[in-house]
There are 2 protein chains.
Amino acid sequence: MATLPSQVTEASPPDARFAPGPGASAGGESAPAQGAPAFSPLYQQIKGLILRSLQSGEWKPGDVIPSEFDLAARFRVSQGTVRKAIDELATDNLLVRRQGKGTFVATHAEQHIQYRFLRLLPDTGDLDGQGPAERRIIECKRLRASAEVARQLGLRTGDPVFLVRRVLAFAAVPAILEDIWLPGSRFKGLTQETLAEDKGPMYALFESQFGVRMVRAVEKIKAVSADPDVASLLGSQPGTPLLSVERVAYTYNDEPMELRRGLYRTDNRHYRNELS
Amino acid sequence: MATLPSQVTEASPPDARFAPGPGASAGGESAPAQGAPAFSPLYQQIKGLILRSLQSGEWKPGDVIPSEFDLAARFRVSQGTVRKAIDELATDNLLVRRQGKGTFVATHAEQHIQYRFLRLLPDTGDLDGQGPAERRIIECKRLRASAEVARQLGLRTGDPVFLVRRVLAFAAVPAILEDIWLPGSRFKGLTQETLAEDKGPMYALFESQFGVRMVRAVEKIKAVSADPDVASLLGSQPGTPLLSVERVAYTYNDEPMELRRGLYRTDNRHYRNELS
DNA sequence: TAGTGGTCTAGACCACATA
DNA sequence: ATGTGGTCTAGACCACTAC
C-alpha cells in the first residue's frame with residue numbers, strides 16, 4: 001500500500017528517477033533498494049501521481065489530460081505502464097477514455113448519464129425522463145455542525161456547515177425531499193439563489209463553482225414512516241412508508257464532502273441496484 | 001458485438017485458426033477478410049470461449065482453470081491476450097485470481113465474503129456477524145407460474161416453479177422474510193428438507209446440488225408497510241415500514257434463474273450501497 | 001525447483017477523430 | 001496526414017505457492 005516516497009518522481013532533471021530502466025529490473029545499476037521497502041507497483045505509483053494532479057486541479061473536470069505517451073515521458077515509464085494506471089482510474093470513473101480524442105477528467109456535467117448517483121427510477125418504462133424535471137429549494141442556511149453531522153463530514157462539532165433542503169419532482173409529482181449538509185469552509189458563498197438558478201445536477205454546480213468533485217458515495221437505506229411535515233412537503237399521507245437514503249459523498253482523497261439525507265416516495269418509482 | 005463465427009476456434013488441428021499471427025496483422029498471407037465482418041477484438045472472443053466453458057460445466061465453481069499459458073496455447077493466441085480476457089472475467093467476479101496458485105472459478109461457497117448479495121448490515125459495528133445466524137424454512141412448494149413470475153423468469157405462464165418462503169434472523173431477532181421463485185425444470189428434487197439441512201448460503205447449495213451459478217442480480221427497492229401476516233412472521237407491528245427488495249438473479253448467459261422478494265426490517269439494520 | 005499469476009517494457013498495427 | 005486510444009504480441013523478470 002504505502003508508496004515509496006518519490007520512488008517515482010516527475011523528474012524535472014532528466015533521468016532523475018529511481019526505479020527500473022528497461023524491464024523493470026534489467027538494468028544492473030539502479031535498484032529500488034531501500035531499508036525495509038514498502039513496495040508498490042510502478043503503475044500504482046503512477047496512478048497516485050495522476051490522482052495528485054487531479055486533486056491539485058492541474059486537470060479540471062471535463063479537461064483532456066496529456067496523452068499516454070506524454071505522461072509516459074513525464075513519469076519516465078513505458079506507455080503500457082501509464083495505460084494500466086489510467087485503466088484503473090477509468091474503471092473507478094475518475095477518468096473517461098475516448099478513442100481518437102484522448103482521456104478526459106470525468107465530470108458530473110456533460111456526462112450523458114446525468115444524475116449518476118440518483119437511483120430512483122420509474123416502475124414502468126425504465127428509459128423515460130432521466131433527471132427530475134423540477135427542483136425546488138426550500139431553504140439554504142448556515143449553521144453549526146451537530147456532533148453527528150460533524151462526525152460524518154470529518155469536522156468538529158460546531159464547525160460551520162450549510163444546510164440545504166429541497167424537493168425534487170417528476171412530472172409535477174414531488175418524489176424526493178432532501179436535506180444536504182456541506183462543510184462551510186469549502187462552499188463559501190453558497191446561496192439559495194445560486195442553487196435555484198442552476199440547471200443540471202447539483203454535483204456539476206459543485207465542480208464549476210466550488211472546485212469540488214464528488215467521486216464516490218456510500219448510502220445507507222432504511223424504510224421509515226412519513227411524519228406530517230414530510231408528508232405535506234411530499235404531498236402524501238402521514239404514515240406513508242418512505243425510503244430513507246443517507247448518503248456520504250467523497251471527493252478525491254476519500255475525504256467526505258457532503259452528507260445528504262433523502263426521503264423517497266416509492267409508490268411509482270423504485271431504487272434500483274445492481275449486484276455482482 | 002457479434003462474434004465472428006469461429007474466427008477463433010479451439011483448433012484441434014494445429015494452426016487451424018483464422019486470425020492474426022504475430023502482431024495481429026503483421027502476417028501478409030491471412031487476414032480476417034470476411035464479407036461484412038462483424039468485428040470483435042480477439043480477447044473478447046477468448047472471453048466468450050472461456051465463458052462457454054464455464055457455462056458448459058467444463059470448469060465448475062471452485063475449480064482451477066488452466067494456466068494463462070495453457071489457455072494461450074489452446075486458443076492459439078498470446079498469453080497477454082488471454083490475460084486481458086481473464087482480467088475482465090475477474091472484474092465481473094466470474095473468476096478469481098490467486099497469485100502463485102492459479103485462476104479459479106468463483107463460487108458462493110468458500111468465498112470468505114459470504115452472502116455476497118446480502119446488503120443488510122447492522123447499524124453499529126459494521127464488522128460484526130456476517131451471515132444470518134438462523135434460517136427457518138417456512139415452506140417449499142411446487143406450483144404454476146403466474147404471469148408476473150413467468151415474465152420475470154423468462155418462462156411461460158403456468159410453467160412449474162418452486163416457491164420457497166423463509167425467515168432469516170440475526171441473534172434470534174427475525175429480520176428478513178423472503179419469497180423465492182425458482183424454475184421447476186432447473187431445480188428438480190428441491191425439497192424443504194434439503195434446504196433446511198443446508199448450512200451456508202443458498203446460492204452455494206444451488207451450485208453444488210443443481211449446477212446453477214448465480215452471477216449477478218438486479219434489485220428494485222421500495223418502502224412498504226407490514227401487513228398483519230408479515231408482521232407476525234417478523235415479530236414486528238402491523239404497519240411498520242419495511243424495505244421491499246425484489247431481486248432477479250441471473251446465471252451465466254444473462255438468463256434469469258431466480259426471482260426473490262424480501263421484506264427487510266430496518267430498525268436496527270440498513271441496506272448498504274456504494275455508488276461510483 | 002518449478003509453476004503460477006503480476007509487472008514492465010517495446011514495438012507493431014488498427015480504429016477513430018480531427019484538421 | 002497526424003495524433004489519440006485500442007489491440008496484440010513477445011520476452012524478461014518478480015512474487016508467491018507448492019513440492
Side-chain angles (χ1 to χ4, degrees), chain A residues 4 7-8 17-28 30-33 37-47 63-73 75-91 95-105, chain B residues 1 3-4 7-8 17-28 30-33 37-47 63-73 75-91 95-105:
Chain A
L4 269 185
Q7 178 176 349
V8 171
R17 213 171 101 264
F18 219 70
S25 50
S30 71
F39 191 70
S40 157
L42 245 193
Y43 76 89
Q44 289 286 3
Q45 302 178 45
I46 303 303
K47 186 179 172 184
D63 284 359
V64 207
I65 71 171
S67 75
E68 296 178 353
F69 189 82
D70 288 350
L71 288 173
F75 297 135
R76 304 190 160 274
V77 298
S78 81
Q79 180 256 9
T81 300
V82 170
R83 166 162 280 266
K84 180 144 190 184
I86 292 181
D87 277 344
E88 293 207 349
L89 292 166
T91 61
L95 297 177
V96 177
R97 295 172 170 290
R98 285 185 211 146
Q99 188 174 145
K101 299 175 80 171
T103 300
F104 297 76
V105 182
Chain B
M1 261 314 130
T3 299
L4 270 187
Q7 179 175 350
V8 171
R17 213 172 100 263
F18 218 73
S25 50
S30 70
F39 191 69
S40 155
L42 246 194
Y43 76 88
Q44 289 284 3
Q45 303 179 42
I46 303 303
K47 186 178 172 184
D63 283 0
V64 206
I65 72 170
S67 74
E68 296 178 352
F69 189 81
D70 289 350
L71 288 173
F75 298 136
R76 305 191 158 273
V77 298
S78 81
Q79 180 256 9
T81 300
V82 171
R83 166 163 278 266
K84 181 146 189 185
I86 292 181
D87 277 345
E88 293 206 349
L89 291 166
T91 60
L95 297 176
V96 178
R97 294 173 171 290
R98 285 187 210 144
Q99 187 175 146
K101 298 174 79 171
T103 299
F104 298 76
V105 182

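All of these numbers come straight from a predicted model, not from anything done at the bench. Every chain is numbered from 1, with letters handed out A, B, ... down the list of sequences.
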Could you give the [atom1]-to-[atom2] distance, from [X] to [N], as a whole number of Å?
| X | N | atom1 | atom2 | result |
| --- | --- | --- | --- | --- |
| Ile86(A) | dG6(D) | CD1 | C1' | 13 Å |
| Leu89(B) | dG5(C) | CG | P | 14 Å |
| Gln79(A) | dT7(C) | CD | P | 17 Å |
| Leu71(B) | dG3(C) | CG | P | 17 Å |
| Lys84(A) | dG5(C) | NZ | C1' | 10 Å |
| Arg76(A) | dA10(C) | CZ | P | 12 Å |
| Lys47(A) | dT7(C) | NZ | P | 11 Å |
| Leu42(A) | dA10(C) | CG | P | 12 Å |

- [ ] Evaluate the side-chain proximity of Ile46(A) to Thr81(A): yes if any heavy-atom separation is below 4.5 Å, no if none is.
- [x] yes
- [ ] Measure from the side-chain heavy atoms of Pro41(B) and tell me the nearest of dC8(D), dG6(D), dG5(C).
- [x] dC8(D)
Search all heavy atoms of [X] against all heavy atoms of [Y] and return the closest pair with its distance.
| X | Y | value |
| --- | --- | --- |
| Gln79(A) | Phe69(A) | CG-N, 4.4 Å |
| Lys47(A) | Ala85(A) | N-CB, 3.8 Å |
| Glu68(A) | Ile86(A) | CG-CD1, 4.0 Å |

Quick one: is [N] close enough that its OP1 or OP2 comes under 4.0 Å of any side-chain N or O from [X]?
| X | N | value |
| --- | --- | --- |
| Ser78(A) | dC8(C) | no |
| Lys101(A) | dT18(C) | yes |
| Arg98(A) | dG5(D) | no |
| Arg97(B) | dT4(C) | no |
| Ser67(A) | dT4(D) | yes |

Open item on the list: With side-chain contact (heavy atoms from CB on, under 4.5 Å) as the test, pick out the partner of Ser67(B) among Leu71(B), Asp70(B), Ile65(B), Val64(B).
Closed with: Asp70(B)
Task: Touch class at under 4.0 angstrom, heavy-atom based, for Glu68(B) against every strand present - done: sugar-phosphate
Open item on the list: For a quick check of understanding: with a heavy-atom distance under 4.0 Å over all strands, which category does Tyr43(B) fall into, base, sugar-phosphate or nothing?
Closed with: sugar-phosphate
Task: Of Thr81(A) and Gln99(A), the one whose closest DNA chain C nucleotide lies more 5' - done: Thr81(A)
TODO: By nearest nucleotide on DNA chain C, pick out whichever of Gly80(A) and Phe69(B) is the more 5' one.
DONE: Phe69(B)
